[in-house]
Engineer: 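One structure follows; several queries about it will come next.
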Number of protein chains: 2
Amino acid sequence: MQNLDSIGTQIRKLREEAEMPLRKLAALLDIDQSTLSKIERDERRANTQIIEQIAKIFKADKEKLLVAFYSDVVMYEIQDESSFSEILQVAEAKIEYQRTTKKKTK
Amino acid sequence: MQNLDSIGTQIRKLREEAEMPLRKLAALLDIDQSTLSKIERDERRANTQIIEQIAKIFKADKEKLLVAFYSDVVMYEIQDESSFSEILQVAEAKIEYQRTTKKKTK
DNA sequence: TACATTTGGACATATTTTGTCAAGAATAAA
DNA sequence: TTTATTCTTGACAAAATATGTCCAAATGTA
């Protein structure tokens, strides 16, 4: 089953399992410890660069972390919409369509 | 079947079906005509306020337009991710979970 | 040509995000 | 308790994005 923990919670769990202080992980990531604290509590957005580094540091599955990250992003965008389920369906269809027609990124 | 046209394309179609010049619709929406031109070509984001007004002006289904709008937003966020399908699944599960536990918006 | 409509680009302003700091709160150790 | 360590909070400026506006260029139509 998929992990429904937020990206922040997942980062915190990885860090605590490794018994690494927040301050030290922040230093490895080259960000302020207050920023990392906020990321772990989902008060600030992480970004893909940070996630990639974290995957390396803790030898975690990068793809799974990215799924957690982006699903959070999507969730925040549409959580208050009653038609959220249809929105996701249509988004998926649009992306699939895009791929079959091989649109280039301008 | 769902309408996979972008929100911009849908707005343009509604306007053209009503044979209303862009300039006039822009005036009704109280935005610059160049802004509307960009929205119709998906060069600028629409917003929910504009969409609600358009639904009223053309007596269109507001919910369907919102689905088009938000699915575009979601698509742009994750279109380059190989795991897009899983991301959407997880996002849906997160939103559903949130609703069963009735989290309040702070 | 003349006229109406749409598009493109430049620019200023506004809003949002990000980075940084320092002090306060919480936790653990002595 | 006192001290040390860790984490959180809030304030602030700087950077990055988004938005609003103007107007000339392009396109289309009579």
Side-chain angles (χ1 to χ4, degrees), chain A residues 5-54 57-58 65-66 68-80 104-106, chain B residues 5-54 57-58 65-66 68-80 104-106:
Chain A
D5 285 340
S6 71
I7 184 64
T9 298
Q10 294 196 36
I11 291 171
R12 174 149 295 185
K13 282 182 176 173
L14 285 170
R15 181 175 64 78
E16 290 182 338
E17 274 161 23
E19 294 183 56
M20 181 186 291
L22 190 149
R23 173 184 42 72
K24 189 177 170 199
L25 179 56
L28 289 174
L29 298 172
D30 195 28
I31 61 177
D32 195 275
Q33 64 171 2
S34 84
T35 300
L36 178 56
S37 171
K38 286 163 191 164
I39 289 173
E40 290 190 352
R41 285 169 301 107
D42 303 304
E43 232 183 74
R44 280 214 184 174
R45 260 209 200 187
N47 61 54
T48 54
Q49 200 207 297
I50 285 176
I51 288 168
E52 279 164 21
Q53 293 180 86
I54 285 176
I57 292 168
F58 299 119
L65 291 177
L66 286 174
F69 170 66
Y70 282 110
S71 60
D72 279 3
V73 170
V74 169
M75 180 191 71
Y76 289 131
E77 294 272 16
I78 65 169
Q79 60 188 340
D80 295 330
K104 49 209 130 202
T105 335
K106 49 175 161 187
Chain B
D5 284 340
S6 72
I7 183 63
T9 298
Q10 294 196 35
I11 291 171
R12 173 150 296 185
K13 281 183 178 173
L14 285 170
R15 181 175 64 76
E16 289 183 339
E17 275 162 23
E19 294 183 55
M20 180 187 292
L22 190 149
R23 174 183 43 73
K24 189 176 170 200
L25 178 56
L28 287 175
L29 298 172
D30 195 28
I31 61 178
D32 195 276
Q33 62 173 8
S34 84
T35 301
L36 178 56
S37 170
K38 285 161 192 163
I39 288 173
E40 291 190 351
R41 286 170 299 112
D42 302 303
E43 232 183 75
R44 281 214 182 172
R45 260 209 201 187
N47 61 54
T48 55
Q49 200 206 295
I50 284 176
I51 287 167
E52 280 163 21
Q53 293 180 85
I54 285 176
I57 291 168
F58 298 119
L65 291 177
L66 287 173
F69 170 66
Y70 282 110
S71 60
D72 278 2
V73 170
V74 169
M75 180 192 72
Y76 289 131
E77 294 274 15
I78 66 169
Q79 59 188 341
D80 296 330
K104 49 210 132 203
T105 335
K106 50 178 158 185

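Owing to the predicted nature of the structure, the values given are computational and were not obtained by experimental measurement. Protein chains get the first letters and strands the later ones, always in sequence-line order, with residue 1 at the start of each.
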Engineer: Using atom CD of E43(B) as one end and atom P of dT6(C) as the other, report the distance to the nearest whole Å.
Structural biologist: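 After rounding, the gap between these two atoms is 16 Å.
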
Engineer: Can you find a pair of side-chain heavy atoms, one from L22(A) and one from R12(A), that are under 4.5 Å apart?
Structural biologist: yes

Engineer: Is a side-chain donor or acceptor of Q33(A) paired with a backbone partner of A26(A) at a separation under 3.5 angstrom?
Structural biologist: no

Engineer: Would you kindly give the CG-to-P distance between L22(B) and dT27(D), to the nearest whole Å?
Structural biologist: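 Result: 17 Å.
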
Engineer: dT7(C) C1' sits how many Å from D42(B) CG, rounded?
Structural biologist: 15 Å

Engineer: Would you say dG19(C) has OP1 or OP2 under 4.0 Å from some side-chain N or O of R44(A)?
Structural biologist: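 So the side-chain polar atoms of R44(A) never come under 4.0 Å of the phosphate oxygens OP1 or OP2 of dG19(C).
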
Engineer: Between dT7(C) atom C1' and I39(B) atom CD1, what is the distance in whole Å?
Structural biologist: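 It is 14 Å, rounded to the nearest whole Å.
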
Engineer: Is any N or O donor-acceptor pair between the side chain of S34(B) and the base of dC22(D) shorter than 3.5 Å?
Structural biologist: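 Such a pair exists between side chain and base.
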
Engineer: Just how far, in rounded Å, is P of dT16(C) from OH of Y76(A)?
Structural biologist: 17 Å

Engineer: Taking the side chain from D42(A) and the backbone from G8(A), do they hold a donor-acceptor pair closer than 3.5 Å?
Structural biologist: yes

Engineer: CD1 of I31(A) to CG of N47(A): how many Å apart, nearest 0.5 Å?
Structural biologist: 8.0 Å

Engineer: Would you mind reading off the distance between R45(A) atom CZ and dT16(C) atom C1', rounded to a whole angstrom?
Structural biologist: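 Atom-to-atom, R45(A) to dT16(C), this comes out as 11 Å.
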
Engineer: Using atom CD1 of I31(B) as one end and atom C1' of dG20(D) as the other, report the distance to the nearest whole Å.
Structural biologist: 10 Å

Engineer: Which part of the nucleic acid does Q33(A) contact within heavy-atom distance under 4.0 Å: base, sugar-phosphate only, or nothing?
Structural biologist: base

Engineer: Looking at the side chain of S37(B), which of dC21(C), dA10(C), dT6(C) is the nearest nucleotide?
Structural biologist: dT6(C)

Engineer: Would you say a side-chain N or O of R12(B) is under 4.0 Å from OP1 or OP2 of dT5(C)?
Structural biologist: no

Engineer: Rounded to whole Å, please give me the gap between CG in D32(A) and P in dA13(D).
Structural biologist: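 Computing the D32(A):CG to dA13(D):P distance gives 17 Å.
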
Engineer: With a 4.0 Å cutoff (strictly under), does any side-chain N or O of R41(A) reach OP1 or OP2 of dT8(D)?
Structural biologist: yes

Engineer: Compare side-chain N and O positions of R15(A) against OP1 and OP2 of dC7(D) and report whether any pair is under 4.0 Å apart.
Structural biologist: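 Yes, such a contact exists.
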
Engineer: Carefully, step by step, assess F58(A) and R15(A) under the rule side-chain contact (heavy atoms from CB on, under 4.5 Å).
Structural biologist: CA-CA 8 Å; F58(A) 299 119; R15(A) 181 175 64 78; 4.2 Å; yes

Engineer: Which listed nucleotide (dT6(D), dT20(C), dT6(C)) is nearest to the side chain of K38(A)?
Structural biologist: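 Given the options dT6(D), dT20(C), dT6(C), the side chain of K38(A) is closest to dT20(C).
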
